[in-house]
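Please read the structure below before turning to the comments.
Throughout, numbering of the chain's residues begins at 1 and tracks the sequence.
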Amino acid sequence: MVRPQLTTRSVDPTICRRLINAGVHPLLARLWAARGISDPAHAHQTWSAMIPPQQLTHATHAAALLADAIAARKRMLVVADYDCDGATACAVALQALRRMGATVDFLVPDRFETGYGLSPAVVELAVHHPGGRPDLLITVDNGIASVEGVEAARAAGMDVIITDHHLPGDTLPRALAIVNPNQPGCGFPSKHLAGVGVIFYLMLALRAELRRRGAFADDGPRLDDLCDLVALGTVADVVRLDANNRLLVAQGLQRIRKGRMQAGVRALFAVAGRDPRNATAFDLGFALAPRLNAAGRLADMSLGIHCLLTENPDEAAALARQLDTINQERRGIELAMREEALSVLATEAPARAASVCVYRPEWHQGVVGLVASRLKDTYWRPALAFARCDDGTLRGSGRSVPDVHLRDALDLVSKRHPGMILKFGGHAMAAGLTLPEAAYPQFVDTFDAAVRELSGTDRFEPVIQTDGSLEADFATIEVAGLLQQQVWGAGFPAPVFRDTFTVLHQRVLKGKHLKLFLQRGAQRFDAIWFNRNENLPEHTELAYRLDRNEWNGRVTVQLVVEHALPA
């Protein structure tokens with residue numbers, strides 16, 4: 001395991017005072033200033049502060065096309081993706097379109113049969129869909145790279161509207177409209193919308209278009225009641241939580257905490273053993289999302305989409321239990337694969353590799369991305385894990401460190417060695433690819449060279465950014481609750497404080513968690529370090545999170561330790 005360095009975020013005191021004068025809690029003011037919030041208005045999380053849909057390129061045009069299709073009673077089919085973002089995006093699209101009078105069904109590709117996105121194989125499935133041959137395909141969380149798929153749809157007499165957030169390739173598909181903040185020429189201020197955020201924006205634009213046409217007797221259907229799904233998909237896809245995304249997530253969490261959520265979301269909270277009244281972004285990302293993602297990894301994401309769509313609480317509970325069972329199976333498979341990968345790399349990995357690649361033909365295709373994520377954390381290098389497909393090709397999934405844009409590295413390999421990578425796509429931090437099996441040994445070397453070339457180094461140092469010392473007056477239950485209510489996540493990390501403590505008592509729980517009793521000045525704290533079974537010296541500098549611990553109806557302050565240095 002690579003040992004991280006601790007640093008402290010800098011804070012501009014002038015900005016901090018400005019936020020405090022605007023009524024922001026002094027600790028929040030310091031934390032927000034350290035994360036780039038300089039204007040109190042940027043912290044507003046009301047709907048009125050949301051970037052207007054008309055600023056999203058082609059959203060107005062696509063909305064007009066959808067309105068025409070509804071008026072003409074055309075049959076629509078939503079083509080989803082098999083992860084949590086794709087599932088929530090599909091559910092938002094179907095619920096909103098049906099409320100606005102559309103005839104619409106959905107199709108989610110099979111990870112193992114047809115692969116990702118609107119491929120020609122998926123178009124063939126659409127043509128023979130049980131709900132009837134569609135006139136219009138609407139992609140959610142995919143499609144920007146589906147050049148061949150869109151051509152196949154056109155040849156089959158079907159129009160296509162693409163909604164996506166992934167980075168485009170050199171050629172854009174010939175769709176009727178492409179709604180994607182990352183397409184060339186789009187000036188939308190937030191480039192970090194998740195797939196579910198993009199379709200939510202398009203549904204808002206469609207409602208505005210239908211209002212303009214006088215399609216509703218009133219203002220039309222409410223769409224803000226779908227924001228629990230928007231929040232779930234946004235957090236699950238680990239997109240940067242800029243101001244606009246934090247607004248969307250905050251609105252979703254507010255509804256969840258008030259008990260105003262989809263039946264499926266409520267059922268997922270129940271099987272995860274989490275209380276929606278205290279819902280956080282952490283719950284969405286680490287309790288609900290894995291249960292939905294498990295369906296796409298091991299089975300059929302249709303199960304997850306039906307869970308999010310049903311209005312029947314009993315059906316939602318039954319579907320959520322199925323998802324929970326699949327997730328338990330996924331955990332077992334992932335653990336076995338991870339242990340094998342670590343064993344292999346302990347004997348096979350080059351001593352100075354800038355990257356990590358591992359392949360076993362018998363591994364599960366749906367879980368390689370999780371293994372790559374664990375390897376990235378362990379070695380702190382870009383990591384790729386591969387499994388063999390039925391057609392003999394290798395399907396890989398990767399995760400990267402902040403110093404290396406993973407998709408750019410794969411693009412460089414593809415350009416330098418045409419034909420080595422059959423297809424690839426993704427983001428800076430996560431990507432997928434397909435290789436001929438014979439190309440794997442050479443790919444390992446060329447990928448490592450690409451990582452070195454793009455980063456200029458062969459060693460990456462993990463850094464834990466902290467927020468410095470936690471003022472004694474703020475180490476309270478009330479402040480812990482205040483922090484818990486905020487939206488933290490990718491690009492807007494949860495606060496980690498840094499202080500020196502005296503260890504008064506320590507013991508290992510269940511053989512794997514270190515329970516601590518600490519003192520700092522006159523204050524004493526309970527603390528826990530998860531997945532740590534080695535004792536600490538008497539005087540230790542700790543990086544930690546301030547948390548609320550609820551046990552037997554009693555709420556106390558608890559410190560959750562992230563890292564330690566000898567004092």
Side-chain angles (χ1 to χ4, degrees), residues 57-58 62 65 75-83 85-86 89-90 93 105-129 133-180 182-186 195 198-199 296 301 365 389-397 407-408 410-415 417-427 430-437 439 443:
T57 298
H58 287 184
L65 294 171
R75 192 183 300 275
M76 305 180 195
L77 186 69
V78 174
V79 179
D81 186 21
Y82 40 67
D83 66 359
D85 185 18
C90 183
D105 208 330
F106 78 91
L107 168 64
V108 58
D110 185 298
R111 181 191 292 265
F112 314 110
E113 298 295 330
T114 56
Y116 169 78
L118 181 64
S119 63
V122 170
V123 170
E124 185 65 21
L125 292 175
V127 169
H128 300 98
H129 193 272
R133 179 192 179 96
D135 304 298
L136 174 64
L137 303 180
I138 305 163
T139 72
V140 292
D141 192 31
N142 73 92
I144 195 65
S146 300
V147 176
E148 294 179 358
V150 170
E151 291 306 312
R154 287 163 56 95
M158 295 181 290
D159 291 322
V160 182
I161 292 175
I162 290 172
T163 75
D164 200 353
H165 68 122
H166 294 93
L167 298 174
D170 296 333
T171 304
L172 294 179
R174 292 199 302 160
L176 288 182
I178 297 176
V179 185
N180 182 341
N182 290 304
Q183 68 179 303
C186 182
V198 176
I199 192 64
M301 185 48 98
Q365 298 172 39
C389 304
D390 291 340
D391 62 4
T393 60
L394 303 190
R395 185 165 296 162
S397 185
R407 187 188 177 281
D408 285 355
L410 295 176
D411 187 52
L412 182 59
V413 172
S414 181
K415 286 183 168 62
H417 302 272
M420 177 178 287
I421 300 178
L422 299 177
K423 57 183 176 181
F424 70 95
H427 302 286
L433 71 159
T434 303
L435 300 175
E437 186 170 19
F443 171 82

Residues in side chain to side chain donor-acceptor pair (under 3.5 Å) with [X], at least two apart?
X      : answer
Glu437 : Tyr359, Arg388
Ser397 : Arg399
Asn142 : none
Arg154 : none

List the residues meeting side-chain contact (heavy atoms from CB on, under 4.5 Å) with [X], not counting sequence neighbours, and say none if there are none.
X      : answer
Leu65  : His61, Ile161, Leu176, Ala177
Leu172 : Ile144, Pro168, Ile178, Pro184
Ala80  : Cys90, Val108, Val140, Ile305
Asp390 : none

(message) Between the side chains of Arg407 and Asp411, is the shortest nitrogen-to-carboxylate-oxygen separation below 4.0 Å, so that they form an ion pair?
(response)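 Salt bridge between Asp411 and Arg407, a charged N being under 4.0 Å from a carboxylate O: no.
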(message) With a 4.5 Å cut-off on side-chain heavy atoms, are Val123 and Leu118 touching?
(response) yes
(message) Do Gln183 and Thr57 make a side-chain contact, defined as non-hydrogen atoms from C-beta onward lying under 4.5 Å apart?
(response) yes
(request) Kindly write out the residues that satisfy ring pair (Phe, Tyr, Trp, His ring centres under 6.0 Å) with Phe106, not counting sequence neighbours, or none if the list is empty. (result)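 If we apply the ring pair (Phe, Tyr, Trp, His ring centres under 6.0 Å) test to Phe106, skipping adjacent residues, the hits are His306.
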(message) Under the rule for salt bridge (Lys or Arg N to Asp or Glu O under 4.0 Å), what residues qualify as partners of Asp159, not counting sequence neighbours?
(response) none
(message) I'd like to know if the side chain of His129 reaches the main chain of Leu125, judged simply by a donor and an acceptor atom lying under 3.5 Å from each other, with no hydrogens or angles considered.
(response)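 The answer is no, because no donor-acceptor pair under 3.5 Å joins these two groups.
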(request) Could you pull out the closest heavy-atom pair between Ile421 and Ser414, with the gap in Å? (result)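 In terms of heavy atoms, the two residues are closest at CD1-N, 4.2 Å.
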(request) Return the minimal non-hydrogen interatomic distance between Ala62 and Val179, and the atom names on each side. (result) CB-CG2, 3.7 Å
(message) Enumerate the salt bridge (Lys or Arg N to Asp or Glu O under 4.0 Å) contacts for residues 163-174, please, sequence neighbours excluded, ordered by first and then second residue.
(response)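 Of all non-adjacent pairs touching residues 163-174, those that pass salt bridge (Lys or Arg N to Asp or Glu O under 4.0 Å) are Glu151-Arg174.
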(request) Determine which pairs satisfy ring-ring contact (aromatic ring centres under 6.0 Å, His included) with at least one residue from residues 160-179, sequence neighbours left out, and list them in order. (result)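 Qualifying pairs, neighbours excluded: Tyr116-His166, His165-His427, His166-His427.
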(request) Output the distance between atom CG (Leu394) and atom CZ (Phe443), rounded to the nearest 0.5 Å. (result) 10.0 Å
